[in-house]
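Below: one structure, written as structure tokens.
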Amino acid sequence: MAFQLPELGYAYDALEPHIDARTMEIHHSKHHNGYTTKLNGAVAGTELEGKSIEDILSNLDMSNGAVRNNGGGFYNHSLFWTVMNPEDRGYLSGELKDAIEAEFGSKEAFIDTFSNAAATQFGSGWAWLCVLPGGKVEVCSTPNQDNPLMPGVTCGGTPILGLDVWEHAYYLNYQNRRPDYIDAFFKVINWNEVERRYAAAK
Ligand SMILES: [Fe+2]
């Protein structure tokens, strides 16, 4: 079964005014769709065909550029859409709140750390909140479409929150103002989903 472009689960304009509809439409229907199509082409007829994306990325030969870039792009965006929600955002609570406060001291300090990772990732990439075995959390960033599942990447663990800082994610609305886009992201985070991912991964 080939990889399928996932539905957003909400309308392209649902995250307005924080993330504009035109950006969302191009990002999902062009960029994410492109990664999905190219991933399917890259695994077709190889030993990777039919494996889960998590399995493929966790055991990836990092010299396989087509799967690294397009498999990363497929996985990263699939996570990204789910950690934003226009309506049912919830709030930071429960075990995830405890883990974040244990690591960073407070929610505000976590936001500062995550925002700094996103702002200082040079060029294209992602900022992540990851869970290590046992439940400890960490923040990191990766270039291009790399992610923490991949071998040898600076951060390990399972990503439960990710922010796309490629210019295609914000340039139409924010131009070069990446920090404004990062601030906007925190207004649309779906904490219920991040907490669900934390519980599943820890
Ligand atoms: Fe993107």
Side-chain angles (χ1 to χ4, degrees), residues 2-43 53-54 56-57 60 62 64-86 89 114-130 139-150 153-155 158-190 193-194 197:
F3 293 106
Q4 306 279 333
L5 178 69
E7 297 287 331
L8 279 188
Y10 43 84
Y12 286 132
D13 64 359
L15 301 174
E16 297 254 16
H18 308 294
I19 302 180
D20 64 285
R22 184 81 177 125
T23 295
M24 289 296 292
E25 181 175 4
I26 294 170
H27 204 171
H28 178 256
S29 70
K30 304 294 187 196
H31 292 281
H32 196 187
N33 194 44
Y35 294 123
T36 307
T37 301
K38 289 175 185 169
L39 171 62
N40 285 325
V43 301
I53 190 62
E54 291 85 358
I56 289 172
L57 297 182
L60 184 64
M62 295 293 271
N64 185 341
V67 174
R68 181 177 179 176
N69 292 329
N70 296 298
F74 172 77
Y75 177 90
N76 296 347
H77 290 87
S78 298
L79 183 152
F80 185 48
W81 310 134
T82 70
V83 297
M84 299 186 290
N85 191 310
R89 287 177 199 150
F114 187 97
S115 297
N116 188 57
T120 59
Q121 170 59 45
F122 182 76
S124 299
W126 291 76
W128 303 103
L129 176 67
C130 299
V139 163
C140 65
S141 63
T142 54
N144 303 315
Q145 296 296 354
D146 287 356
N147 71 41
L149 296 179
M150 295 175 179
V153 168
T154 50
C155 48
T158 304
I160 59 171
L161 177 68
L163 174 58
D164 187 344
V165 295
W166 284 57
E167 282 191 344
H168 70 222
Y170 63 87
Y171 201 83
L172 285 179
N173 196 33
Y174 293 98
Q175 292 82 50
N176 63 332
R177 303 191 308 277
R178 189 190 286 186
D180 291 350
Y181 161 71
I182 295 168
D183 289 346
F185 175 64
F186 279 97
K187 297 189 172 76
V188 297
I189 289 179
N190 175 5
E193 173 65 10
V194 183
R197 287 177 179 270

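Along the sequence shown, residues carry numbers from 1. In listed order, ligands and their atoms are each counted from 1.
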Query raised in the report: What does the angle at the Fe ion (ligand 1) come to, between atom NE2 of His27 and atom NE2 of His77, rounded to 10°?
Result: 90°
Query - Option passing side-chain hydrogen bond (donor to acceptor under 3.5 Å, both in side chains) with Tyr35 (candidates His77, Gln145, Lys30) - result: Gln145
**Report entry** Under 3.5 Å donor-acceptor, Asp13 side chain and Ala21 backbone
**Finding:** no
**Report entry** N, O or S atom within Asp164 nearest to the Fe ion (ligand 1), by name
**Finding:** OD2
Report summary line: Of all N, O or S atoms in His168, the one closest to the Fe ion (ligand 1) is NE2
**Report entry** Contact check: His31 to the Fe ion (ligand 1), N/O/S below 2.8 Å
**Finding:** no
**Report entry** Heteroatom test (N, O or S) for His32 near the Fe ion (ligand 1), limit 2.8 Å
**Finding:** no
Query raised in the report: When you take the SG atom of each Cys, Cys140 and Cys155, is the space between them under 2.5 Å?
Result: yes
Requested in this report: Say whether His31 and Trp166, considering side chains only, have a donor N or O and an acceptor N or O under 3.5 Å apart.
Outcome: no
Query raised in the report: How many angstroms lie between atom CG of Asp180 and atom OH of Tyr170, to the nearest 0.5 angstrom?
Result: 10.5 Å
